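Indexing begins at 1, ligand by ligand and atom by atom, following the structure's order. A quick note: this is a predicted structure, and the numbers were derived from the prediction, not measured.
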Amino acid sequence: MPLDDLDKWVAEIQKEIDEEEIKRYNKYIVELFQNPRNWGKPKDNEISVWHAYEGSCGDTMQFFLKIKEDIIVKVNFITDGCGATVAAGSQITLMLEGKTLEFAENLQPIDIDNALGGLPEDHKHCAELAVTTIKHAIEKYKIQNS
Ligand code: FES
C-alpha cells in the first residue's frame, strides 16, 4: 500500500476509534484524555506535598500540589489508569487551581462526574479515585505542617 494510502487508512481507523469513544464517554471526556491538563510531575521546588493512591480497580493516581497559605496554587497529576481516570484527573486540576484547601476537602466524586458531563456507570469510580487521592494528599500536607 502506498504511504499516502496507509496514512489515510490509519486516519480513518483513528476517526472510527474516536467516534466509538465519544459515543461511550462524550466529546469533552475524550478531549481531556487525549490532551490531559496539568499532566506530569513538576520540579521538586514546585511541590508542597504529593501523594499516590491505588484505587479498588488496581489503578494508581498521583497528585502533586503546591500550596501557599491554604491556597492550591498549582496542581499536577499522573496516573497509570484508564482514559476516564486521565479525564477525571485533568478535570480536578482545572477545578482546584487557585482554590482553598477547604474547597478541595469538600469536593465530591459527583462534582467531577457532573463537570465531565457524566462518566459511564462502570467508570464512576475513576472520579472517586481522583477525589480520594486529592483528599489524602491534603491530609498528608496538614499533618506535615501541623
Ligand atoms: Fe481504574 Fe478508571 S478503570 S480508575
Side-chain angles (χ1 to χ4, degrees), residues 6-7 9-146:
L6 184 65
D7 285 348
W9 181 74
V10 169
E12 271 167 35
I13 299 281
Q14 187 57 52
K15 199 173 159 226
E16 277 174 33
I17 293 171
D18 288 352
E19 282 168 4
E20 280 307 306
E21 283 180 337
I22 289 168
K23 256 189 246 164
R24 176 156 160 63
Y25 298 93
N26 64 43
K27 210 171 177 176
Y28 180 57
I29 292 174
V30 172
E31 203 278 315
L32 277 185
F33 72 63
Q34 289 181 343
N35 303 289
R37 311 297 198 277
N38 301 306
W39 176 270
K41 180 179 182 287
K43 290 185 200 131
D44 285 349
N45 64 1
E46 290 182 355
I47 303 171
S48 307
V49 66
W50 75 272
H51 189 72
Y53 182 76
E54 187 182 312
S56 52
C57 63
D59 293 335
T60 303
M61 278 195 107
Q62 291 184 51
F63 279 97
F64 309 90
L65 282 75
K66 184 165 174 69
I67 299 165
K68 268 190 194 159
E69 292 165 12
D70 283 1
I71 303 289
I72 299 167
V73 291
K74 189 167 167 48
V75 50
N76 285 70
F77 82 105
I78 50 177
T79 180
D80 60 5
C82 64
T85 316
V86 174
S90 290
Q91 184 60 42
I92 208 167
T93 67
L94 294 171
M95 290 163 82
L96 288 186
E97 222 163 82
K99 297 289 195 311
T100 61
L101 294 182
E102 194 186 349
F103 176 88
E105 286 169 321
N106 288 322
L107 212 56
Q108 299 298 319
I110 189 70
D111 301 323
I112 308 303
D113 197 10
N114 286 342
L116 289 171
L119 287 160
E121 275 309 314
D122 58 343
H123 281 281
K124 299 280 185 208
H125 69 276
C126 309
E128 200 170 320
L129 174 59
V131 168
T132 305
T133 311
I134 278 286
K135 289 188 181 184
H136 285 195
I138 293 172
E139 268 171 40
K140 194 171 174 181
Y141 175 79
K142 285 189 162 176
I143 291 167
Q144 285 171 352
N145 291 276
S146 61

Checklist entry - For ligand 1, which atoms sit closer than 4.0 Å to a heavy atom of D59? => result 1 (Fe), 2 (Fe), 3 (S), 4 (S)
Item to check | C57 near atom 1 (Fe) of ligand 1 via N/O/S, less than 2.8 Å | outcome: yes
Item to check | Flag for Q34-D18: side-chain donor and acceptor within less than 3.5 Å | outcome: yes
Next on the checklist: Using atom 2 (Fe) of ligand 1 as the vertex, how large is the angle between OG1 of T85 and SG of C82, rounded to 10 degrees?
Outcome noted: 70°
Checklist entry - Taking the inter-plane angle between the rings of F77 and W39 on a 0 to 90° scale, is it parallel (under 30°), tilted (30 to 60°) or perpendicular (over 60°)? => result perpendicular
Next on the checklist: Exactly one of K142, K99, K135 should register a salt bridge (charged side-chain N to carboxylate O under 4.0 Å, His left out) with E105. Which one does?
Outcome noted: K142
Item to check | atom 2 (Fe) of ligand 1 to nearest N/O/S of H125 below 2.8 Å | outcome: no
Checklist entry - Is the shortest heavy-atom distance from the side chain of L129 to the side chain of C126 under 4.5 Å? => result no
Checklist entry - Does R37 come within less than 4.0 Å of E31, counting only side-chain N to carboxylate O? => result yes
Checklist outcome for this item: Here the atoms of ligand 1 under 4.0 Å from any heavy atom belonging to L129 are 4 (S)
